[in-house]
Amino acid sequence: MSEATPAKSMDEIMALCKRRGFVYQASEIYGGINGFWDYGPLGAQLKKNLRDAWWQDMIMNPCWGRKGPNGERVRCVPLETRIIQHPKVWEASGHVGGFNDPMVDCRETKARYRFDHVSVFVPASGDAGERPLFAFMKDSPSEAKQQKKAERAFGAVKVVPLTSIPVEQFAKVLGPDAEKVGTLTEPRQFNLMFKTYIGATATEDDKAYLRPETAQGIFVQFKNVVDTTRVKVPFGIGNTGTSFRNEVTPRNFTFRSREFEQAELEFFCHPSESQDWYKFWRDFRMEWWQSIGLKGENLILREHEKDELSHYSQGTSDVEYRFPFTAPGFGELEGIAHRGCFDLTQHQEHSKVKLEYFDQERGEKLPNGSTKGERYMPHCIEPAAGLDRGALAIMCEAYTKDPSRPSPEIMKFHPRIAPIKAAVFPLVNKDGMPEVAERLYDELNAKFGRTGFIETDAKQSIGKRYARMDEAGCPFCFTIDGETLTNQTVTVRDRDTGGQERIAINAVSEYVKKKLGV
RNA sequence: GCGGGUGUAGCUCAGUGGUAGAGCGUCAGCCUUCCAAGCUGAAUGUCGAGGGUUCGAAUCCCUUCGCCCGCUCCA
């Protein structure tokens with residue numbers, strides 16, 4: 001951790017989130033429920049602003065109107081797909097298999113292993129008899145240690161997976177770092193997908209899953225979007241919505257929640273252009289997070305190593321933020337993955353519906369001037385962002401402690417994301433100031449109320465009202481004072497500096513408009 | 001799932017067996033012409049929940065839940 005960014009206290013951030021109504025524990029009056037968090041009034045608006053910014057910059061005006069690597073405007077359309085999909089969707093996507101890794105625990109060492117990752121030294125030939133079998137993890141210290149023991153016991157040894165050993169024989173297995181035999185539990189299933197039942201009878205035949213990602217809904221509707229709109233590859237389909245994962249250990253405030261919201265774009269392109277688009281999206285997504293306030297060295301773009309990649313991926317990058325609880329490490333905000341044609345191919349195989357795209361602009365030129373066309377399976381670039389993680393990163397980044405100020409805790413939100421956009425205060429609650437404040441408040445609320453809260457408050461001292469706005473992250477406060485009544489000017493107080501300037505009261509709307517970028 | 005810590009007002013916390021507390025915040029009033037100022041007053045708790053021991057439990061014991069840290073996990 002560098003000197004420039006002193007560690008922020010997660011406890012203090014969480015306390016402020018509760019105190020000012022950003023985040024509440026879900027079902028708190030019943031004792032809470034592990035892995036679930038609710039947003040209070042300010043948090044709900046903050047997250048909506050984040051979601052709206054994504055929607056605007058990814059779908060309605062993708063990449064701020066910038067041209068893609070093909071030299072044309074980036075084109076995207078929205079989609080809203082359901083949390084519950086046909087169960088076969090998750091078989092095709094690989095989630096049913098992948099979300100069911102059986103695990104074994106060691107009763108002695110308390111270690112937990114993925115069942116299919118554990119190997120065992122057994123005699124090269126014949127039965128071990130009453131002698132133990134020596135379990136180990138490949139490429140861990142246990143490998144050499146157990147091999148030594150096994151060779152002493154059996155002479156020649158061979159390696160077999162633990163999955164090939166009948167559970168009845170586990171009593172003979174010596175765990176990787178155990179002293180006694182028989183400490184491994186039988187393999188247990190960990191279902192990372194939430195299960196539910198469709199229909200009132202709720203039998204096993206009615207089983208369905210709550211989606212672990214929004215992406216599959218997009219792939220499943222790819223053909224409908226192509227057939228019913230005038231989109232042409234390359235283009236993207238965006239979808240925001242709630243997903244569910246039965247995390248083994250929900251941890252770190254809202255960072256690893258069991259219910260969370262994603263904003264995913266699946267961008268479809270010709271295989272030959274896919275690398276260019278991958279790089280394009282990777283770089284834009286990094287720039288986008290920076291543009292909404294995650295500036296500085298706490299945000300990084302990290303390209304995955306080859307051995308980190310999924311078997312189908314030809315490249316993945318993460319936008320990562322250094323949270324107080326990950327520092328000096330980073331936590332993932334968004335993954336930008338080159339998924340190749342894996343998903344569409346999988347769904348084509350499982351559904352038996354052709355999902356290939358017929359590209360009329362490709363292929364050899366015909367005498368009449370048109371082209372012959374080319375049929376291919378589009379490749380897909382997937383920028384998949386976590387909105388709750390984004391909101392959390394924004395809150396952590398915004399949280400600033402300045403003991404030199406009378407109100408030491410300040411949320412320095414980017415104006416575009418700030419849940420409270422502006423506040424209007426009469427300096428004192430008399431002499432006609434409240435009436436002027438009321439009129440200005442009405443004007444601002446009518447013009448900017450759709451972007452967030454506009455506040456007004458005449459009670460208590462002006463310092464206290466400014467302080468409250470600092471903690472809530474309101475970027476500007478407009479104050480009506482004695483001078484307003486004579487020359488029609490107000491003061492603008494800047495949240496981050498506490499500095500003030502004086503502007504004409506009829507210029508306030510324009511000022512806010514410009515600062516909010518709306 | 002394991003181990004450690006923790007849970008008292010909105011927030012931070014004190015309270016080790018004998019009437020439930022403080023600071024800050026919140027609210028009301030007064031005051032106040034620019035930064036949590038001052039004065040007066042007020043509200044707020046099944047002491048995380050359940051059970052037990054005891055004449056009596058926030059306090060001791062058991063169970064359970066949440067949160068934090070470490071392990072484990074993270075397709």
Side-chain angles (χ1 to χ4, degrees), chain A residues 9-12 14-21 24-37 40 90 93-114 116-117 137 177 185 188 190-193 212-213 215-216 245-256 258 308 310-313 324-325 331-332 335 337 402 404-410 425-433 458-471 477-486 490-495 497-500 502:
Chain A
S9 156
M10 205 56 214
D11 286 346
E12 287 177 352
M14 287 167 68
L16 187 144
C17 282
K18 168 78 186 287
R19 192 168 70 237
R20 299 259 71 126
Y24 305 134
Q25 198 178 10
S27 308
E28 189 181 282
I29 62 169
Y30 288 101
I33 177 164
N34 194 358
F36 298 86
W37 299 86
W90 309 111
S93 68
H95 288 87
V96 171
F99 264 65
N100 280 291
D101 296 327
M103 311 287 294
V104 294
D105 289 331
C106 177
R107 296 188 193 91
E108 181 187 323
T109 65
K110 308 299 183 194
R112 169 174 292 170
Y113 309 97
R114 251 179 78 169
D116 57 346
H117 283 186
M137 297 297 288
D177 295 297
T185 63
R188 283 179 291 188
F190 286 77
N191 289 305
L192 268 64
M193 271 203 293
E213 63 174 29
Q216 297 305 323
R245 293 180 199 180
N246 248 326
E247 298 289 355
V248 178
T249 313
R251 207 46 88 79
N252 289 329
F253 203 26
T254 62
F255 183 77
R256 183 169 295 148
R258 288 180 164 142
E308 266 184 284
S310 319
H311 60 279
Y312 52 80
S313 180
F325 50 80
E332 179 184 346
D402 182 351
S404 73
R405 284 183 44 169
S407 52
E409 291 183 296
I410 308 159
F425 298 139
L427 182 60
V428 291
N429 198 13
K430 60 178 186 184
D431 297 342
M433 295 179 207
K459 296 287 177 71
Q460 296 176 313
S461 73
I462 190 69
K464 195 170 274 197
R465 284 175 278 162
Y466 285 155
R468 269 200 283 260
M469 287 300 110
D470 286 345
E471 274 201 351
C477 296
F478 299 96
T479 301
I480 282 66
D481 59 12
E483 220 178 313
T484 309
L485 307 173
T486 59
V490 298
T491 59
V492 189
R493 174 199 181 258
D494 181 85
R495 173 197 64 204
T497 64
Q500 291 185 16
R502 187 163 275 279

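From a predicted model like this one, the values you see are computed outputs, not experimental measurements. Lettering of chains follows the sequences in order, A, B, ..., and the numbering in each one begins at 1.
Among the atoms of the strands shown, none is found under 4.0 Å from any heavy atom of G331(A). Residue T491(A) is in base contact, counting any heavy-atom pair closer than 4.0 Å across all strands shown. Contacts of N429(A) with the nucleic acid, taken as non-hydrogen atoms under 4.0 Å apart, include base atoms. Within 4.0 Å (heavy atoms only), N252(A) reaches sugar-phosphate atoms of the nucleic acid but no base atom. Note on R256(A): a base of the nucleic acid sits closer than 4.0 angstrom, heavy atoms only. Counting non-hydrogen atoms under 4.0 angstrom, M433(A) reaches a base of the nucleic acid.
Only the P atoms considered, rA14(B) is 16 Å distant from rA22(B), to the nearest whole Å. The gap from the P atom of rG1(B) to that of rG56(B) amounts to 36 Å, rounded to the nearest Å. Taking the P atoms as reference points, rG4(B) lies 12 Å from rC62(B), given to the whole Å. Here the separation of rU44(B) from rA9(B), taken at their P atoms, is 15 Å to the nearest Å. The separation of rG17(B) from rU53(B), taken at their C1' atoms, amounts to 12 Å, rounded to a whole angstrom. rC73(B) and rU16(B) have their C1' atoms separated by 40 Å, with the value rounded to a whole Å. Separation of the P atoms belonging to rG66(B) and rU72(B) is 22 Å when rounded to the nearest angstrom. rU33(B) and rG23(B): their C1' atoms are spaced 30 Å apart (whole Å).
In this structure, F253(A) has its ring center no closer than 6.0 Å to that of F325(A).
Across all strands shown, rG66(B) forms a Watson-Crick or G-U wobble pair, both distances under 3.5 Å, with rU6(B). If you check rG38(B) for Watson-Crick or wobble pairing at under 3.5 angstrom, you find it paired to rC30(B). Of all nucleotides present, none satisfies the Watson-Crick or G-U wobble test against rU72(B) with each distance under 3.5 Å. rG21(B): Watson-Crick or G-U partner is rC13(B), with both key distances under 3.5 Å. Across every strand in view, rU59(B) sits unpaired, with no contact that passes the Watson-Crick or G-U test at under 3.5 angstrom.
When the P atom of rG23(B) is taken as reference, atom CZ of R19(A) falls 18 Å away, rounded to whole Å. Atom-to-atom, CD of E471(A) to C1' of rC35(B) comes out at 14 Å; the value is rounded to the nearest Å. K459(A) places its NZ atom 19 Å from the P atom of rG41(B), with the value rounded to the nearest Å. rU12(B) atom P lies 10 Å from atom CD of E409(A), rounded to whole Å. In this entry the distance linking CG of N246(A) with P of rU72(B) reads 21 Å, nearest Å. The CD atom of Q460(A) sits 13 Å away from the P atom of rC30(B) (whole-angstrom rounding). Going from atom CZ of F253(A) over to atom P of rC69(B) covers 12 Å, rounded to whole Å. Per the geometry, CG belonging to D481(A) stands 9 Å off P belonging to rC34(B), to the nearest Å.
The base of rC34(B) is paired with the side chain of Q500(A) by a donor and an acceptor separated by under 3.5 Å. Looking at R465(A), its side chain has no donor and acceptor atom pair within 3.5 Å of the base of rC35(B). Side-chain N/O atoms of Y30(A) and base N/O atoms of rC65(B) include no donor-acceptor pair closer than 3.5 Å. Within 3.5 Å, no donor on the side chain of S407(A) pairs with an acceptor on the base of rC35(B), nor the reverse. For R468(A) and rG25(B), a side-chain-to-base donor-acceptor distance below 3.5 Å is absent, hydrogens and geometry of angles not being considered. In this model, no side-chain donor or acceptor of R245(A) finds a partner on the base of rC74(B) within 3.5 Å.
When each of G35(A) and P406(A) is assigned the nucleotide of RNA chain B with its nearest heavy atom, P406(A) is the one assigned upstream, toward the 5' end.
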Apply salt bridge (Lys or Arg N to Asp or Glu O under 4.0 Å) to residues R20(A) and E409(A) and explain how you reach the verdict. CA-CA 12 Å; R20(A) 299 259 71 126; E409(A) 291 183 296; over 6 Å; no
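Among the candidates R465(A), R19(A), K464(A), R495(A), the single residue satisfying the salt bridge (charged side-chain N to carboxylate O under 4.0 Å, His left out) test with E471(A) is R19(A).
Ranking rA36(B), rC34(B), rG10(B) by closeness to the R502(A) side chain, first place goes to rC34(B). The side chain of Q25(A) has rG66(B) as its nearest neighbour among rU32(B), rG66(B), rC68(B).
Note that the OH atom of Y466(A) and the OG atom of S407(A) stand 11.5 Å from one another [nearest 0.5 Å]. Atom-to-atom distance recorded for N252(A):CG and M10(A):CE is 7.5 Å, nearest 0.5 angstrom.
Taking the side chain as every heavy atom from C-beta outward, E483(A) and L427(A) never approach each other to under 4.5 Å.
Residue N34(A) places none of its side-chain N or O atoms closer than 4.0 Å to OP1 or OP2 of rC65(B).
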